[in-house]
Asks: 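Can you read through this structure? Questions will come right after.
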Amino acid sequence: LRWEALNCEALALYQTGQHAPARDIWLKAAAAPALSELRRYAQYNLGEAARLEGRLDEARAHFAEAAHSHPAFRLPLAKLK
């Protein structure tokens, strides 16, 4: 539930143009030991944000991190290669 609340807040911030606060939430979630099982989702969202902002190298790095923790997250990375 904690992740869902954090992620919803970050998505709302991002969609209203508040990109930096949204990224901060995802970065903190990705680093939080209590949320380690959900790290891949935060990494994916960081990658998607970077992709939308045209920072493709950063997007690749986040997508690679997400894919490392769970094979289902390999598709976004493959699409950027």
Side-chain angles (χ1 to χ4, degrees):
L1 184 59
R2 181 175 174 209
W3 161 250
E4 289 176 9
L6 287 171
N7 193 46
C8 285
E9 180 183 355
L11 288 170
L13 288 167
Y14 194 86
Q15 290 176 348
T16 59
Q18 298 177 66
H19 298 172
R23 282 193 301 273
D24 287 344
I25 289 171
W26 288 320
L27 285 168
K28 287 176 185 172
L35 299 175
S36 63
E37 288 297 315
L38 302 168
R39 176 181 166 83
R40 63 185 172 265
Y41 298 106
Q43 289 293 342
Y44 171 82
N45 288 342
L46 286 162
E48 193 61 23
R51 184 190 66 78
L52 290 170
E53 296 168 22
R55 297 188 321 274
L56 298 184
D57 288 340
E58 183 181 336
R60 283 183 193 94
H62 288 299
F63 287 149
E65 190 66 35
H68 176 72
S69 67
H70 198 280
F73 285 84
R74 290 183 185 151
L75 185 58
L77 180 60
K79 286 183 176 181
L80 285 181
K81 286 189 176 184

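Here the structure is a predicted model, which is why all the values come from computation and not from measurement. Just so it is clear, the values below take in all heavy atoms, side chains as well, and ignore hydrogens, waters and symmetry mates.
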Asks: Within the 4.5 Å heavy-atom criterion, are Phe63 and Leu75 side-chain neighbours or not?
Replies: no
Asks: Give me the one residue out of Glu48, His62, Glu65, His68 that meets side-chain hydrogen bond (donor to acceptor under 3.5 Å, both in side chains) with Gln43.
Replies: His62
Asks: Run the salt-bridge test on Glu58 and Arg23 with the 4.0 Å N-O cut-off and return the result as yes or no.
Replies: no
Asks: Report yes if some heavy atom in the side chain of Leu38 is under 4.5 Å from a heavy atom in the side chain of Asn7; otherwise report no.
Replies: no
Asks: Can you give me the closest heavy-atom contact between Ala30 and Arg39, atom names plus distance?
Replies: O-NH1, 2.7 Å
Asks: Any sub-3.5 Å donor-acceptor pair from Tyr14's side-chain atoms to Ala49's backbone N or O?
Replies: yes
Asks: Looking at side-chain heavy atoms only, is the closest gap between Leu77 and Tyr44 below 4.5 Å?
Replies: no
Asks: Roughly how far, to the nearest 0.5 Å, is CG of Asn45 from CG of Leu27?
Replies: 11.0 Å
Asks: Ile25 and Ala10: which non-hydrogen atoms are nearest, and at how many Å?
Replies: CG2-CB, 3.8 Å
